[in-house]
A.B. asks: 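Before I ask anything, here is the structure I am working with.
Just so we're on the same page: letters track the sequence lines, and every chain starts at 1.
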Number of protein chains: 2
Amino acid sequence: MDHDAPTRPVKTVQTAFEIVLTLRDLTEATVTELASELDLAKSTVHRHLMTLTEQGWVVRDGAQYRVGLRFLDVGIATRNANPIYRYTCDRVADLAEKTGEKAWCIVEQNGRGVHLYGESGTSPVQTYARPGQLTYLHQHAAGKSILANRPREEVERIIEVHGLPEITDQTITDPDELFEELEKTRRRGVAFNEEESVVGLNAVGAAITDQSGYALGAISISAPVARLQPEEMESDIAELLIETVNEIEINMEYAGGQDEYPLE
Amino acid sequence: MDHDAPTRPVKTVQTAFEIVLTLRDLTEATVTELASELDLAKSTVHRHLMTLTEQGWVVRDGAQYRVGLRFLDVGIATRNANPIYRYTCDRVADLAEKTGEKAWCIVEQNGRGVHLYGESGTSPVQTYARPGQLTYLHQHAAGKSILANRPREEVERIIEVHGLPEITDQTITDPDELFEELEKTRRRGVAFNEEESVVGLNAVGAAITDQSGYALGAISISAPVARLQPEEMESDIAELLIETVNEIEINMEYAGGQDEYPLE
DNA sequence: AAAGGTTGTTCGAAGCGCTCGAACGACACT
DNA sequence: AGTGTCGTTCGAGCGCTTCGAACAACCTTT
């Protein structure tokens, strides 16, 4: 999996989390299922599950094991500790209400995007996004606006680690094309997503930056192509997003030193 | 901590999660801080953090480490997989809107309560509850209505494991008193919380049960004592809750075999 | 009702790999 | 330059994880 080992990882911990992830993917599983899936001894899996269950990381229901809600506890706690979340979630709700469409707030972590908070407007678009979801930054508007406001070397490192996987015909998969797109995004102040992540879905995104212009996160509005045409994306929606971002940035600057938390 | 060891837990995994929990409590910490806090060698903590960071469970920002949003990913996924969440969240929102107060949906896991989903009404009560929060079932209305619809042996086992910790003067701390209260709750169909978890806060809760009458979860409405007096709790609010529960239970029965998931 | 298939669970031993402390390197502040 | 930090690397020792086999509990099958 990894080319080399700068520091040897703790293998036991890796298998523990592998169990958790498999459990999440399967929704529920028995000891034997997990053992065969992960190619481990039943007894090993059993011991791990006992350990995880004791602390609520895993719950058992008869023979079936499931991921415990303690992950939700820790997950929500970290989200709430994130200033981007605190300063954007109300604004995201406003955007959803004003536009009637889906609005999201997204941050970067380890070179990937994480959906922090989303709110649906009156016209429910059945998107498959959910809070906590891990995405590739080059595949959507919010992600591209984050990349557009990061140093080029950082973007290059992200491409190196994660690549530019394709998800629809429209996904940008060429690094040069991406850098061109980021340049355009910087000039416009907003990023567009024209069916690059989901066929039939367009979106506009704008980055939230600190005083130095470094992107801390982004917000976006998405809607079916029928309701969100390029001309509207460039005018009304773009303007609304930029206004909102300005408001958020001002609020964050005022709080300033209060909550020290540069957040990569 | 534990009286005896039925099966020896995997110590390495325990320390890994201890690191995560300490990190959550401190919001952020350095290697040395964690090492001294947990009484481990710096190198050990470092190796663990490297392992956890590689998978996104932990994020580093220079010298500071923080819990990663991957916990949110897994946490939200398990919440969404939970039928109680799927069938109650819209109804909880309705309740919040109708009453103008705070409404919650809660489930039991490992003998403790977990706040699954909450929605505020128009009158914002600054409660300290958040989704994912771990609570004691005997300390609030929703929890008591769950206990009231579980076999007595199960309640006894929960008391044995978790005790009946006091949080306010009004908290029930005597097992006999609790069983009496649960009996009353069963007769009424709803449970009351009169400043038993937070001074100045009252609440009413009702259990969601399966066909056999076994509690799967509960919903509750809470408000400051000034706005939620006993007489109202027993009439309007109680009725509203019971109606809502009936609606939820019918919806769940119809879906029936669709999503097999007894969910303790 | 007994037999054969599941399953989860316990046990002991073998040896992997986790933990530790000390040494190293990088950085900031004096 | 010097002296505190800090994070990081390295090499052993032995703790503890892993495994497989045996056990027990439970269905299904005959």
A.B. asks: DNA chain C: stems of at least 3 consecutive Watson-Crick or G-U pairs, cut-off 3.5 Å?
C.D. replies: C:1-6 with D:25-30, C:8-24 with D:7-23, C:26-30 with D:1-5
A.B. asks: Rounding to an integer number of Å, can you tell me how far B/E18 CD sits from C/dT19 C1'?
C.D. replies: 15 Å
A.B. asks: Just compare D/dT18, D/dG7, D/dT17 and give me whichever is closest to any side-chain atom of B/T32.
C.D. replies: D/dG7
A.B. asks: Are B/R79 and B/Y117 in a cation-pi contact, defined as NZ or CZ under 6.0 Å from the six-membered ring centre and within 45° of the axis?
C.D. replies: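 No, a cation-pi geometry is absent between B/R79 and B/Y117.
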A.B. asks: Which nucleotide sits closest to the side chain of B/R60: C/dG8, D/dG7, D/dT18?
C.D. replies: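 In terms of side-chain proximity for B/R60, the closest of C/dG8, D/dG7, D/dT18 is D/dG7.
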A.B. asks: Does A/H46 have a side-chain nitrogen or oxygen under 4.0 Å from the phosphate oxygens OP1 or OP2 of C/dT9?
C.D. replies: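 Answer yes for this pair, as a side-chain N or O of A/H46 is under 4.0 Å from OP1 or OP2.
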A.B. asks: On DNA chain C, nearest-nucleotide positions of B/K11 versus A/E33: which is more 5'?
C.D. replies: A/E33
A.B. asks: Take the protein atom CD of B/Q14 and the nucleotide atom P of C/dC18, then report the distance between them rounded to whole Å.
C.D. replies: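 One finds 15 Å between P of C/dC18 and CD of B/Q14, rounded.
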A.B. asks: Whole angstroms only, please: what is the CD1-C1' distance between B/I19 and C/dC18?
C.D. replies: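 Taking CD1 of B/I19 and C1' of C/dC18, I get 12 Å after rounding.
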A.B. asks: How many whole angstroms separate atom CG of A/L34 from atom P of C/dT7?
C.D. replies: 13 Å
A.B. asks: Could you check how far NE2 of A/H48 sits from C1' of D/dC19, rounded to whole Å?
C.D. replies: 12 Å
A.B. asks: Any side-chain heavy atom of B/Y85 within less than 4.5 Å of one from B/V107?
C.D. replies: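 The answer is no, as the side chains (C-beta and beyond) never meet within the 4.5 Å cut-off.
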A.B. asks: Is it the case that the side chain of B/D73 and the backbone of B/L69 share a donor-acceptor pair, with hydrogens and angles ignored and the cut-off at 3.5 Å?
C.D. replies: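 A pair under 3.5 Å: no.
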A.B. asks: Please confirm whether the backbone N or O of B/A142 pairs with a side-chain atom of B/S220, one donor and one acceptor, at under 3.5 Å?
C.D. replies: no
A.B. asks: Do the rings of B/F71 and A/F71 sit parallel, tilted or perpendicular, given the 30° and 60° boundaries?
C.D. replies: parallel
A.B. asks: Verify the contact: side-chain N or O of B/T12 to OP1 or OP2 of D/dT17, cut-off strictly under 4.0 Å; return yes or no.
C.D. replies: yes
A.B. asks: Please confirm whether the backbone N or O of A/Q55 pairs with a side-chain atom of A/R70, one donor and one acceptor, at under 3.5 Å?
C.D. replies: yes
A.B. asks: Ion pair present between B/E183 and B/R187, side-chain N to carboxylate O less than 4.0 angstrom?
C.D. replies: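 Judged by the 4.0 Å cut-off on N to carboxylate O distance, B/E183 and B/R187 do form a salt bridge.
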A.B. asks: Checking the side chain of B/R186 only, and the main-chain atoms of B/A148 only, is there a donor and an acceptor separated by less than 3.5 Å?
C.D. replies: yes
A.B. asks: Apply side-chain hydrogen bond (donor to acceptor under 3.5 Å, both in side chains) to the pair A/T209 and A/E249, showing each step before the final yes or no.
C.D. replies: CA-CA 7 Å; A/T209 63; A/E249 287 173 356; 3.2 Å; yes
A.B. asks: Output one letter per nucleotide in nucleotides 20-30 of chain C: B when a protein non-hydrogen atom lies under 4.0 Å from the base, S when only the sugar-phosphate is that close, - when neither is.
C.D. replies: BB---------
